[in-house]
Amino acid sequence: MLHRRPFPKAFATAPEKEKKPMTVVTRFAPSPTGFLHIGGARTALFNYLYARHFGGRYLIRIEDTDRQRSTEEAIAAIRDGLAWLGLEGDEPAIFQSRNATRHAEVARQLLADGQAYRCYMTTAELDAEREAARAEGRPVRIRSPWRDADPSEAPAGIDPVVRIKMPREGKTTIADKVQGDVTIDHEQLDDFILLRGDGSPTYMLSVVVDDHDMGITHVIRGDDHLTNAFRQYHLYKLCGWEPPVFAHIPLIHGPDGAKLSKRHGALGVDAYREMGYLPEAVKNYLLRLGWAHGDDEVISEAQAIDWFDLPQVGRSAARFDFAKLENLNGHYLREAEDARLTNLVVERLSRERTLDDVATTRLRDGMGGLKARANTVAQLAESAIFYIDRPVFPLENPKAAKLLSGGGAAVAREAGSALRDLDRWLEEDIEARLRRFAEEKEIGFGKVAQPLRAALTGSNASPGLFEVMAILGREETLARLARTPDHD
RNA sequence: GACCCCUUCGUCUAGUGGCCUAGGACAUCACCCUUUCACGGUGAAGACACGGGUUCGAGUCCCGUAGGGGUCGCCA
C-alpha cells in the first residue's frame, strides 16, 4: 500500500523504520504514434531525475490504446530514443492496451455504483450541443440527458458509451507541484467518456487505472494535460482511490515561439543524434530548459539527481535554442574519451568509405586535436577526413586554395624536401626544422605553416601542424607535400 | 468564444520586499593568446511587457490591460 505525503523531501532523510516511507514512483507514458520528440524526452528526464532523487522507481508505459495510430515502428523509435538517452525504465515497459479488460471492469463497477451511466446521444446531437454551447458563449461541455434518464427509455440500435458522473456544483483545487494551486469550476467539467460504443476504454480511464495499479505517486507531464488533471482527479475519487501528486511542466517552444509540434519542426531524438549531439549534452540542455540550480550550467547526471526537484521548475514555456545546445555539446565533446569519439567518427565515415587500421589509428591519435575544434560529432567527422583521404587538388576551399597560390605550393614542396633528411619524425624535431627553414628563407613562420596546412589537410583550419604531420607519418606527409600543385 | 496557465537581456535563466547601480550562460562585438581554426582569458552592448495600487521600500505582493501558450474528441 502506498501512502502519499505532502512533502516528499521529508522522508528522504527520515528514518526508514516505523511507517513505511512512501516510495516515489514516476512514469513516462508516451503514445506510440510517432518518434520520441524532444519535449517527450524532457518529460522522461524529469520523471527519471525525480525518481532517482528520492530513491524511487521510474517506469515506462506505452499508451497504445489507439490501435489505429499506434505502430510498432513508433514503439521501436521511442525505445531507441530512451535507450540512447539512458532513460529506460527500471522495469520492462507496460503496454496499456494489455490492461483493457481491467479498465473496462473499473468502468462497469462505476456503472454498478451509479457513478457512471450509459449515454445514447448520437454524433449529430453531440455536434448540435457543442455548437449551441459555443454560440451562447458558455463552456463547451456535453450535458447528456441520459445522466438522469431512466435506462428503460434507452433507444434500440445504438451502442451506448459509458460516461462518468462528474460533480456539477462547486469547484476543485489541485495543488500542482509546478503550477501551484489551480482552481477550476465544476461547470467546466464534463461527463467524459469512459467506455466507447464498442466497449473499449478511453485514454482518460486507462491512465487513471494504470497509474493507480502501477502505484504511481507523482504524475509529471506536459502542461497540455493540466485540464485533464481535474477530470482524472475526480475519477480517482469516484473509484475511491487517492489521487497522485500532479506536476505539469511547461511545453518547449520552437525558436519562433510557437508550439514545438511534429508539423512545426519538432524532431525526434534520433535526429539530434544524427546531427552529432551527445546524449549527455542533450540531457544537460533539456534539464536547463525550465529548470535551474543557481548559475550552474554544466551539470553532471549525479549533480542533477542530487539537485533536481519540482519547485524549481519554471512555469513558462521555453524556446529551443540550437546555438546553446551546440555550445554545450562542444563542452561534452571535449570531455569525452578519445576512443568513444573515434568509434562515433569511424561509424560516420564508414558510410562513405572503407577504413583500414592505418586510418582508425590516425583518427584515434588525432582525436585530441580534432575534438578541441568541433562542437558536434558531425563536425568532428568532417574535420577528420583529411587524416584518411588526401586532399583533392585543386582545392575547393577558396581560402585554402589561396594559401597555395602565389608560390605557396612551392614553399610547401620545398619544406617537404627540407624535412626529408630528418632523423626522428617527432613533433619537436619537425617544428625545429620547419622554423629553421622559415629563417633560412627569411619569411615569417606563418608563411610556411599556412601553405603546409593547406597542402596537407586541404583546409585553412586544422589541428596543430606538427601534430598533423606526426600523425600522418613521414611517408604520407612527404608524399602529400611533394604532389602539391601550384594554384592560382 | 469559454476556461486555465504564463510574461526578467535576442535565447535559457538567477532573483522568493531592502544584499539589484538586476547576476550567470549561449549568441553578438572588441581585444589578448596564437602556425590556422577552435579552446581559453579580458571587456562591451543588452532585460524586470504596460498601467494602477499595497508598502518607509517592489523584478519580487494585489488588481487591471496587452501579448503569448494550453485545453475544450467515442485522440492520446
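Quantities reported herein were computed from a predicted structural model and do not represent experimental measurements. Naming: A, B, ... by sequence-line order, numbering from 1 per chain.
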Exercise. Does Phe445(A) have Arg435(A) sitting over its ring (NZ/CZ under 6.0 Å from centre, angle to axis within 45°)?
Worked result: yes

Testing rU35(B), rG73(B), rU36(B) for proximity to the side chain of Arg373(A), the answer is rU36(B)

Sorted by chain and residue number, the ring pair (Phe, Tyr, Trp, His ring centres under 6.0 Å) partners of Phe28(A) (sequence neighbours excluded) come out as none

When all nucleic acid strands are considered with a 4.0 Å heavy-atom cut-off, which category describes Asn375(A): base, sugar-phosphate, or nothing?
-> nothing

Roughly how many Å apart are rA76(B) and rU55(B), using the C1' atom of each and rounding to a whole number? 49 Å

Integer angstrom distance from the P of rC48(B) to that of rC39(B) | 30 Å

Kindly say if Arg130(A) contacts the phosphate of rC72(B), meaning a side-chain N or O under 4.0 Å from OP1 or OP2. no

Give a yes/no answer on whether the side chain of Asn327(A) brings an N or O atom under 4.0 Å of OP1 or OP2 in rA27(B).
yes

**Request:** Could you tell me whether Thr65(A) contacts a base, only the sugar-phosphate backbone, or nothing, with contacts defined as non-hydrogen atoms closer than 4.0 Å?
**Result:** sugar-phosphate

Inset, instruction - Between rG52(B) and rU28(B), how far apart are the C1' atoms? Round to whole Å, please. - result: 37 Å

Measuring only the C1' atom in each nucleotide, how far is rU13(B) from rU60(B)? A whole number of Å is fine.
16 Å

task: Pick the C1' atom in rG68(B) and in rU42(B), then give their distance to the nearest Å.
output: 38 Å

Worksheet entry | Same-atom distance (P) from rC20(B) to rG59(B), integer angstrom | 13 Å

Please write out each protein N/O paired with an N/O of nucleotides 44-50 of chain B under 3.5 Å, distance rounded to 0.1 Å.
none

Sorted by chain and residue number, the salt bridge (Lys or Arg N to Asp or Glu O under 4.0 Å) partners of Asp321(A) (sequence neighbours excluded) come out as none

_Check ion pair Glu335(A)-Lys371(A) (N to O, under 4.0 angstrom)_ = no

Across all chains, not counting sequence neighbours, the side chain to side chain contact (heavy atoms under 4.5 Å, CB included) partners of Glu467(A) are Tyr387(A), Glu427(A), Pro463(A), Ile471(A)

Side-chain atoms of Asp224(A) come closest, of rG70(B), rU36(B), rA14(B), to rG70(B)

When you compare rA30(B) with rG67(B), how far apart are their C1' atoms, in angstrom units rounded to a whole number?
36 Å

Exercise. Do we see His293(A) stacking on the base of rA14(B), given a limit of 5.5 Å between centres and 30° between planes?
Worked result: no

Residues at least two apart in sequence or cross-chain that pass salt bridge (Lys or Arg N to Asp or Glu O under 4.0 Å) with Arg27(A), listed by chain then number, are Asp211(A)

As its Watson-Crick or G-U partner within any shown strand, both distances under 3.5 Å, rC33(B) has none

query = Under 4.0 angstrom, heavy atoms only, what part of the nucleic acid is Phe466(A) near: base, sugar-phosphate, or nothing?
reply = base

Under a 3.5 Å limit on both distances, the Watson-Crick or wobble mate of rA25(B) is rU11(B)

By salt bridge (Lys or Arg N to Asp or Glu O under 4.0 Å), Arg143(A) pairs with (sequence neighbours left out) none

Looking only at rU35(B), rC74(B), rC26(B), the nucleotide nearest the Arg435(A) side chain is rU35(B)

What is the ring orientation for Phe308(A) with Phe46(A), classed by angle as parallel under 30°, tilted 30 to 60°, or perpendicular over 60°?
-> tilted

Expected list for residues 443-461 of chain A near RNA chain B, using heavy atoms below 4.0 Å, is Phe445(A), Ala449(A), Gln450(A), Arg453(A), Asn460(A), Ala461(A)

In B/S/- notation (B base, S sugar-phosphate only, - none; protein heavy atoms under 4.0 Å), nucleotides 3-12 of chain B written 5' to 3' is SSSSS---SB

Separation of rC26(B) atom C1' from Tyr332(A) atom OH, nearest Å, is 15 Å

Mate of rG64(B) across any strand shown (Watson-Crick or G-U wobble, both atom pairs under 3.5 Å) is rC50(B)

- Task: Between rA14(B) and rG23(B), how far apart are the C1' atoms? Round to whole Å, please.
- Result: 6 Å

In short, salt bridge (charged side-chain N to carboxylate O under 4.0 Å, His left out) pairs touching residues 385-411 of chain A with sequence neighbours left out are Arg353(A)-Asp389(A), Arg390(A)-Glu476(A)

Applying side chain to side chain donor-acceptor pair (under 3.5 Å) to Gln96(A) and not counting sequence neighbours gives Glu63(A), Asp210(A)

When the side chains of residues 200-208 of chain A are checked against the rest of the protein, which donor-acceptor pairs come out under 3.5 Å, sequence neighbours left out?
unit_1    : atom_1 : unit_2    : atom_2 : d
Ser200(A) : OG     : Arg196(A) : NH1    : 2.9
Ser200(A) : OG     : Asp198(A) : OD1    : 2.7
Thr202(A) : OG1    : Ile193(A) : O      : 2.7
Thr202(A) : OG1    : Leu194(A) : O      : 3.4
Tyr203(A) : OH     : His225(A) : ND1    : 3.4
Ser206(A) : OG     : His103(A) : ND1    : 2.9
Ser206(A) : OG     : Thr202(A) : O      : 3.1

Quiz item: If we only count heavy atoms from C-beta on, is the Tyr117(A) to Ile164(A) side-chain gap below 4.5 Å?
Solution: no

Those residues at least two apart in sequence (or on a different chain) that pass salt bridge (Lys or Arg N to Asp or Glu O under 4.0 Å) with Asp185(A) are none

